[in-house]
Each structure stands twice: as structure tokens, then as C-alpha cells.
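Just so you know, ligand 1 is whichever comes first in the structure, and atom 1 is the first atom listed for that ligand. The shown structure was predicted, so the numbers you read here are calculated from the model rather than taken from an experiment.
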Amino acid sequence: MSIQHEIPSYLSSHGIGPWGDYLEQIDRVTPYLGPLARWVETMKRPKRILIVDVPIERDNGTIAHFEGYRVQHNTSRGPGKGGVRFHQDVTLSEVMALSAWMTVKNAAVNVPYGGAKGGIRVDPKTLSPGELQRMTRRYTSEINIIIGPNKDIPAPDVNTNEQIMAWMMDTYSMNQGSTASGVVTGKPISLGGSLGRREATGRGVFVVGCEAAVKRGLDIKGARVAVQGFGNVGGIAARLFSEAGAKVVAVQDHVSTVVRESGLDVVALQEYVLANGSVAGFQGGEEIADRALFWATDCDILIPAALEQQINVDTAHTIRAKIILEGANGPTTPAADDILHDKGVLIVPDVIANAGGVTVSYFEWVQDFSSFFWTEDEINLRLTRIMREAFTSVWQLAEEKKVSLRTAAFIMACTRVLQAREMRGLYP
Ligand code: GLU
């Protein structure tokens with residue numbers, strides 16, 4: 001029996017934006033799914049979409065309204081899981097794509113979650129601390145009906161952090177009438193957060209980067225690294241690479257680009273960014289005005305760790321790196337994937353490369369449920385083991401099927417999700 005369907009209008013964005021990229025990635029993997037391909041439409045439709053109005057009173061007495069979203073893409077393998085993004089360019093279709101990539105990521109590293117994502121279309125830099133708190137709390141109240149420790153567990157993403165998670169946890173708990181630490185991850189340690197969570201995504205990028213370097217015969221000592229995005233992912237990954245002896249020769253953030261042939265002092269740059277909000281004006285390197293030049297940096301390892309679609313048909317041609325580690329979600333378009341494949345560039349895809357964050361989120365959630373907390377060494381050891389295992393099994397599958405690491409990761413993940421889908425069966 002085949003499943004009958006028509007594509008709902010809001011889902012038909014093939015070729016456009018991150019959701020279009022995601023659909024294309026699913027189409028590319030479908031021929032490898034065998035009989036499970038019968039269920040593949042599941043991957044192309046989010047299970048549940050909630051759009052909420054988030055009104056707040058500004059400090060000046062006016063009322064502002066923001067657009068908020070929470071998308072639960074899939075819950076076949078467990079509760080929804082994924083971050084919340086505050087950014088002025090957030091759209092429903094972006095959040096849909098990010099939620100779908102969470103489904104694939106969680107299955108690829110085999111943590112027992114589905115995929116979800118949330119966001120508010122706002123530039124948080126335009127809000128006072130009080131306004132930011134009121135917006136976060138109102139958003140949490142609005143999505144309260146679909147989140148919960150066993151339903152859907154938010155976490156930090158672009159422009160959200162431990163403080164935002166603390167407000168979300170508190171708001172949910174006040175509505176429930178009891179403290180529910182497992183409703184979000186990425187919390188402060190004092191509220192049931194996990195050691196190592198803040199660094200986990202960057203650490204995971206570093207771990208798979210070392211594995212990829214071995215495959216390419218590249219020595220990390222002396223390797224040249226370029227990083228786009230210098231926040232929680234790019235900043236930490238840059239630090240770990242430079243501690244391992246690599247030279248971080250270029251860093252680009254949302255404002256500027258700094259380069260230094262002999263390697264930037266990453267710790268000094270981190271301190272500078274903490275104090276000044278951006279790499280712009282950093283004296284320990286040379287600032288370059290043309291943002292596009294960043295992609296042409298003469299480097300061995302390139303780490304996109306900012307937003308989607310940065311590596312596209314315009315930038316892919318200029319890339320000189322041997323290895324790309326996708327710290328961001330969806331940084332490479334399918335067309336750029338093809339260009340880089342032809343150039344022989346090794347891409348470790350987002351759904352593996354940046355999965356360290358959600359992996360330690362999983363550890364945090366398990367620790368909250370058992371109220372028993374692990375040491376940082378234990379967490380980093382388990383994280384490293386999961387990242388290496390995921391990399392190795394995806395590498396083997398890629399060799400076996402003669403496909404890219406992205407296609408292999410998607411084959412592995414879609415197979416896990418769709419097997420669960422099939423075993424559970426359709427209800428009613
Ligand atoms: N926002 C992160 C991601 O894109 C982490 C999600 C989580 O920990 O749930 O993977």
C-alpha cells in the first residue's frame with residue numbers, strides 16, 4: 001500500500017532557503033533507503049508546528065510584538081530536542097529546516113531523541129536585559145503546551161545562553177507548580193546544568209576534526225585553520241585547535257574579519273570579543289574589509305560556525321581548504337556540496353560535526369533525571385567516544401556505498417528514524 005499525499009503549501013520550498021536545502025538532501029539519500037523509502041515522506045513533514053505571538057511591554061511603555069516558533073519535526077525515536085534561536089532573520093522555514101537537521105543529527109549520533117527547534121524573530125541586541133527576560137518568559141509560556149522533559153526539550157542556539165535557559169526552566173516550572181530541571185538543557189551548573197556542556201559543541205568539532213585530519217594525512221600541529229563565527233562553537237573549536245598546535249590564521253564574525261599569517265592569539269581574541277562584542281578592532285591581527293575574501297583563506301581546515309548557506313555557489317569555488325568541519329547547521333548548500341566534492345574537499349557534515357552539543361545535552365538530561373552528576377572528565381570521555389564512533393561508522397558507510405560523509409550520515413540517520421517509524425506503525 002502506498003501512502004497518499006499532497007504537499008501542503010508551506011512545505012513546498014524546494015530549492016529555496018534552508019528548508020529547500022534539507023529537502024534536496026533527503027531526495028539525494030532516498031535511493032539508498034531500500035524498502036524504508038516508502039516512509040520517507042515522514043522526513044519531509046514536520047510533525048507539529050506552533051507559531052506564537054510574543055508581546056512584551058518595552059521599558060519605554062510601548063508594546064512590542066515578536067514572532068515565535070517551535071517546530072517538532074519528528075518524535076519517532078524519543079521526545080523532540082533542539083535549541084532556541086533569537087535572530088532577526090529567523091523564519092518558519094528556517095526553523096523547520098533546523099528542526100529537521102536535529103532529527104537527523106540525534107539519529108546519526110544515536111541519542112534517543114527526535115528533532116525540534118524554536119526561535120524568535122528578533123535582534124536581541126536591541127533589547128534591554130529586562131525586555132530580554134520578559135520576551136523569553138512570554139515565549140516559554142506560549143510554547144509551554146508542547147514542551148516538557150518527556151515531550152520536547154529546548155537548549156541554547158544562536159544568541160541564547162545559560163541565562164535564557166534558566167528563565168525558560170523557571171517559567172515552565174512556575175506554570176507546572178514544581179521545579180522541572182529536565183525541561184531544558186544548557187542550564188547553569190547551579191540549576192542542574194552539566195559540566196562540559198558549554199564547550200561541548202566546539203569540543204565535538206575538534207574531536208571529529210582530528211579524526212578527519214588522520215584520514216587526510218594532515219598533522220594538526222602546524223595545520224592552518226580558518227573559522228567563521230567566534231561564539232560558543234567557533235571560539236571553543238579555535239581554542240582547542242590552537243592548544244593542539246594548529247595556527248588559527250583567520251577569524252570572521254558578524255562584524256569583521258581578522259587574519260594573521262603566523263596564527264592569531266586565540267585566548268587574547270576571546271578576551272577581546274568578550275569585552276568588545278566582536279573581533280572588529282583587534283590589534284593582534286590585520287583586519288580585512290572584503291568579507292568574501294575569508295573563504296579564499298589559504299588554510300587546511302575551514303570551520304563554518306555561524307549561519308546557514310554561507311558556503312554556496314558563490315563562495316565554494318574560492319575555498320582552498322582540504323577539510324571543512326561544519327560547526328554551524330546547514331552552512332553548505334547542496335550545489336556547493338557538489339562543487340567541493342569535485343575539488344576533493346573532505347566535508348564533515350553538521351549532523352556529525354556539531355553533534356557534541358546535543359550529546360552533552362543528553363548527558364545533562366540523564367543527570368537531571370537521576371539527580372546524580374558526573375565529573376567533567378567522565379563527560380568529555382563519553383563525548384569523545386560517541387563522536388569518534390559516529391565519525392568512524394559514517395566513514396565506513398561512506399566507503400562502502402561510495403558516497404559523501406553527508407549522504408552516509410543521512411543514510412544512517414534516516415534508516416534509524418524510519419525503522420522506528422515503521423515499527424511503531426501508523427495510528428490509528
Ligand atoms: N542548538 C544546538 C544544535 O544545533 C544544541 C541542541 C541541543 O542541545 O538540544 O545542535
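The side-chain hydrogen bond (donor to acceptor under 3.5 Å, both in side chains) check on N329 picks up K105, N354, with sequence neighbours excluded. For A390, the side chain to side chain contact (heavy atoms under 4.5 Å, CB included) partners are V109, I352, not counting sequence neighbours. With sequence neighbours left out, N144 forms a side-chain hydrogen bond (donor to acceptor under 3.5 Å, both in side chains) with no residue at all.
R239 and E243 are joined by a salt bridge, as a carboxylate oxygen and a charged side-chain nitrogen come within less than 4.0 angstrom of each other. A salt bridge links E308 with R85: the distance from a Lys NZ or Arg NE/NH1/NH2 to an Asp or Glu carboxylate oxygen falls below 4.0 Å.
When heavy-atom distances to ligand 1 are checked against 4.0 Å, the residues falling inside are K81, G82, G83, M102, K105, K117, A155, P156, D157, R197, N329, G357, V358, S361, ordered by chain and number.
A 4.5 Å side-chain heavy-atom check between T103 and M43 finds at least one atom pair inside the cut-off.
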